[in-house]
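To find a chain, count down the sequence lines: A is the first, B the second, and so on, and within it residues start at 1.
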Amino acid sequence: MEITQILFWFLAILAVFGALMMVTSKNPVYSVLWLIVVFFAISGHYILLNAQFLAVVNIIVYAGAIMVLFLFVIMLMNMNAETEPQKNKWLKIAGTVAGGSLMLVFIAALRQTEILQEQQVNMGGEAGLIKTLGKTLFTDYVLPFEISSVLFLSAMVGAVVIGKKGD
Amino acid sequence: MPINNYIYLAVALFSIGVAGVLTRRNAIIIFMCIELMLNAVNLLLVAFSKMHYANAAAVDPSSIVGTEAQLFVFFIMVVAAAEVSVGLAIIVMMYRNIHSVDVNFLNRLKH
């Protein structure tokens, strides 16, 4: 087995295991920590796919900023395993069966597609380098880039307005 | 690496996210499951972009196929970050009003 294959399987198992632990753990703080593990595994996949820029952005934005925000809110509400909402056992089983059925449908549909069977993912190339990405971002996609800054500003203002205490 | 491996990994992560949204009652965990689903789709997008990159580069060396898809992933991340800030503000607001983050209490639109 090549080193990329070993790394792929290790990161894939880590991601799926982390996602399962995230969904099943009772304490919300542990959920956040497992989700950080999943994000690091996905960043590792990005590096394997030669998308270094996205890997770094994924770690900074998701594993760093967003997860700290989640952790902060959870600690602000003082939530732990005891304050976890009581849930119906049947609802749990139904949800698991529904999610598993969705996965089965996806896999069954994908097994029928013959065109994908012999396609290989090209690991090399320089499409993921910051230089090429930046060139495309600031020439062809400069308008969406600027609009996204407006989106961020409005989201920030919206969060402050929603979170403001009373009137 | 065959593209199938990446598709199955993304499908597994997405389905775990869907199952989490359906089973958990905690609004914050539901939000985190949505983030997981977004990340599964991002991973699939990057894998597909790398799959098509070789073909496109062979036909036209100045093609930006791989770059474009990775920029889409970048914009998905940007929108997700904005969404998280507003969503968490809404959850904090909800906690302040009903002192719980249980979505079962959200079955009415007003008191």
Side chain, backbone, both or neither of L35(A) within contact of chain B (heavy atoms, under 4.5 Å): side chain
I74(A) CD1 to I28(B) CD1 distance, which is reported to the nearest 0.5 Å: 4.5 Å
So which part of T24(A) gets closer than 4.5 Å to some heavy atom of chain B, the side chain, the backbone, both or neither? backbone
Can you sort out the partners of S15(B) under side-chain hydrogen bond (donor to acceptor under 3.5 Å, both in side chains), two or more places apart, ordered by chain and number? none
Between I90(B) and chain A, which part of the residue has a heavy atom less than 4.5 Å away: side chain, backbone, both or neither? both
Which region of F72(A), side chain (C-beta onward) or backbone (N, CA, C, O), has a non-hydrogen atom less than 4.5 Å from a non-hydrogen atom of chain B, or is it both or neither? neither
Under the side-chain contact (heavy atoms from CB on, under 4.5 Å) test, residues paired with V73(B) that sit two or more places apart: Y46(A), L54(A), N42(B), L45(B), V46(B), M77(B)
Honestly, the part of V16(A) sitting under 4.5 Å from a heavy atom of chain B is both
Any heavy-atom pair between the side chains of M32(B) and S31(A) that's under 4.5 Å? yes
Please tell me if the side chains of I91(B) and M77(A) come closer than 4.5 Å, counting only heavy atoms from C-beta onward. yes
Chain B contact via S25(A) - side chain, backbone, both or neither, heavy atoms under 4.5 Å: backbone
Output yes when a side-chain donor or acceptor of R24(B) lies under 3.5 Å from a complementary backbone atom of K92(A), and no otherwise. no
